[in-house]
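Shown next, in structure tokens, is the structure this report addresses.
To find a chain, count down the sequence lines: A is the first, B the second, and so on, and within it residues start at 1. What you see is a predicted model, and the numbers here were worked out from it, not measured in a lab.
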Amino acid sequence: MLDIQLLRKDLTNVAQRLASRGFTLDTAAIEALEAERKEIQTRTQDLQARRNQLSKQIGMAKGKGEDATALMSEVGGLSEELKLGEERLAGIQEDLAGFMMNIPNLPHASTPVGKDEKDNVEVRRVGTPREFAYEPLDHVDVGENLELLDFPTATKIASSRFALMRGSLARMHRALTQFMLDTHTLEHGYEEVYVPYLVNADSMRGTGQLPKFEEDLFKLSNGMYLIPTAEVPVTNIVRDEIIPVENMPIKLVAHTPCFRSEAGSYGRDTRGMIRQHQFDKVEMVQFVRPEDSYDALEELTGHAEAILQKLDLPYRVMALCSGDIGFSSAKTYDLEVWLPAQNTYREISSCSNFEAFQARRMQARFRDVKDGKAGKPELIHTLNGSGLAVGRTLVAILENYQNPDGSVTVPDVLRPYMGGLTQLVKE
RNA sequence: GGAGAGAUGGCUGAGUGGUCGAAAGCACCGGAUUCGAAAUCCGGCGUACGGUUUUACCGUACCAAGGGUUCGAAUCCCUUUCUCUCCGCCA
């Protein structure tokens, strides 16, 4: 959520910056709502003040045993107008809040301006794609030839967009998760957390999935939601909290499954495990002081990159343009891993700075200490990034580490997690 | 799943219709005292929103959440959520 004060002060500038991400802000509607809000709020609060004053006098009169009927009839005369005003005020506040909840974040000055993913800017490329002496197979063929990957059975059990892994491949999936968590906790200073996979609507609102993107989520019959990313439960840890400044920054990492309905993606990436209803992800989340958040974004992106580097997977870093960043983000880097069979780079991590956008929705604050005195609570900045999407990392390994004989070499860093296994072969 | 008890400021906790945004204690901050500290004393100390002559004052709202009764609700009524105790069940 944006700061309503900013909209009041600088509406045209806000509208311009939002236009750069393809969002049209209805400034006329905002101005009309605001004008109405101001008038009704002032009038209603005046009436409330009058009522409170008179009621106090009634109490005092009764306490002294005096007659209060004149006062009571005067305040009685206010009640209808007051009730009407309170209802209209509540109505307009709700309209305004609904309006605000549907406005995306402002892109940061360093976010490239552009319309869609074609305008994203490549920041750097790391690693050299391997030369194949033959046409490399995609991960589906590699996995199915080894009889370690089984989509038809997953479809029978559940539906399309689910995967079944067996044997050493299932173990590699687990090994990847352990390797990522160990790297972030032991080398990058994150605290590991285990979190609920179901969350309530308040949490979904806090991080920005609701109210706008309900159709992307799986909703349960009791009103809860399956998490689409660990970002939701982990970030909401600080919802409605005031963090002591000495605890900042807070760096958390969690491994969770993620559930996405993938509504609106019919026909896209239907082959293989690129786009699934259920996938595992290791997610990093940081809570930092506002002035530190852009340094933290670079650092966090580096932490995700470190995983790709240790796995020796070629990738590139893309700065998403204003038209392509997510609803809540001010700046996002995507990491794209090289997939030889598709002869292209595919997203494997997304690292974003949300500035105070999520914090304002969540009322997540910290109390600074200035000159030894505790200051007013201030909104924190929140960041998160995948470190990494486990399923897609597995896809990248199957494709990049495949051998002409159909086997797959196990990357060095994963071997300790797999009992020293060096190759995936038919079992 | 059954029975009962509860939810008040950073914490403990008083408050069952009227100067209650809320006693008191603790914690914290400032000052006095002191060579310094402890102790003691004095004062301050919630959040959000709005207004204005914009760092200061005024107003409104907030005692788990939502609704109701009333001139007036922390207090009475209804609904929901959560916590605790006991029983049952379960990994």
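- The environment of A:E215 atom CD is dense: over 12 non-hydrogen atoms of other residues, nucleotides or ligands sit within 6.0 angstrom.
- B:rG59: Watson-Crick or G-U partner is B:rC49, with both key distances under 3.5 Å.
- Annotation: B:rG18 and B:rC57 have their P atoms spaced 30 Å apart (nearest Å).
- Note: A:H303 and A:H188 have parallel aromatic rings, judged against thresholds of 30 and 60 degrees for the angle between ring planes.
- Atom C1' of B:rC29 sits at a distance of 14 Å from the matching atom of B:rG10, rounded to the whole Å.
- A salt bridge links A:R37 with A:E34: the distance from a Lys NZ or Arg NE/NH1/NH2 to an Asp or Glu carboxylate oxygen falls below 4.0 Å.
- Remark: P of B:rG51 and CD of A:E34 are 8 Å apart, rounded to the nearest angstrom.
- Nucleotides B:rA14 and B:rG6 place their P atoms 12 Å apart, quoted to the nearest Å.
- Regarding A:R239, its CZ atom lies at a distance of 13 Å from the C1' atom of B:rA65, rounded to whole Å.
- Separation of the A:F218 and A:H277 ring centroids falls under the 6.0 Å cut-off.
- One C1' atom belongs to B:rU19, the other to B:rG72, and the distance between them is 12 Å to the nearest Å.
- The 12-atom threshold is not exceeded at CZ of A:R88, counting heavy atoms of other residues, nucleotides or ligands nearer than 6.0 Å.
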Identify all pairs in which a protein N or O lies below 3.5 Å from an N or O of nucleotides 57-62 of chain B, and state each distance.
unit_1 : atom_1 : unit_2 : atom_2 : d
B:rG59 : N2     : A:Q45  : OE1    : 3.3
B:rU60 : OP1    : A:N52  : ND2    : 3.3
B:rU60 : O3'    : A:Q48  : OE1    : 3.3
B:rU60 : O2'    : A:Q48  : OE1    : 2.8
B:rA61 : OP1    : A:R51  : NH2    : 3.1
B:rA61 : OP2    : A:N52  : ND2    : 3.3

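- Here the C1' atom of nucleotide B:rG67 and the NZ atom of A:K83 are 12 Å apart, to the nearest Å.
- The CG atom of A:D240 sits 14 Å away from the P atom of B:rG9 (whole-angstrom rounding).
- Taking atom C1' on both nucleotides, B:rU33 is separated from B:rA73 by 46 Å, rounded to a whole Å.
- Nucleotides B:rG88 and B:rA24, compared at atom P, are 47 Å apart to the nearest Å.
- Mapping A:I242 and A:K38 onto RNA chain B by nearest heavy atom places A:I242 closer to the 5' end of the strand.
- Whole-Å rounding puts the A:L54 CG to B:rU19 P distance at 15 Å.
- As a whole-Å value, the separation of A:Q5 CD from B:rA48 P is 12 Å.
- When Watson-Crick and G-U wobble pairs are counted only if both distances are under 3.5 Å, B:rU83 pairs with B:rA5.
- Rounded to whole Å, the distance from CG on A:L379 to P on B:rU47 is 13 Å.
- Using C1' as the reference atom, B:rA64 and B:rC82 are 7 Å apart when rounded to the nearest Å.
- Checked against B:rU19, B:rG50, B:rG18, the side chain of A:I4 finds its nearest nucleotide in B:rG50.
- Within the 4.0 Å cut-off from OP1 or OP2 of B:rA48, at least one side-chain nitrogen or oxygen of A:R365 is found.
- Counting only heavy atoms from C-beta on, A:S55 has its side chain closest to B:rG18 among B:rC49, B:rG18, B:rA48.
- Listed nucleotides B:rU19, B:rG50, B:rA48 differ in distance to A:Q363; the shortest reach to its side chain belongs to B:rA48.
- Contact between the side-chain N/O atoms of A:K56 and the OP1/OP2 oxygens of B:rG72 is not found at any separation under 4.0 Å.
- When ring centroids are compared, A:Y197 and A:F259 stay outside the 6.0 Å threshold.
- Surrounding CD of A:E291 are more than 12 heavy atoms belonging to other residues, nucleotides or ligands, all under 6.0 Å away.
- Between the CG atom of A:D3 and the C1' atom of B:rA48 there is a distance of 13 Å, given to the nearest Å.
- Within 6.0 Å of the CD atom in A:E81, the count of heavy atoms belonging to other residues, nucleotides or ligands does not exceed 12.
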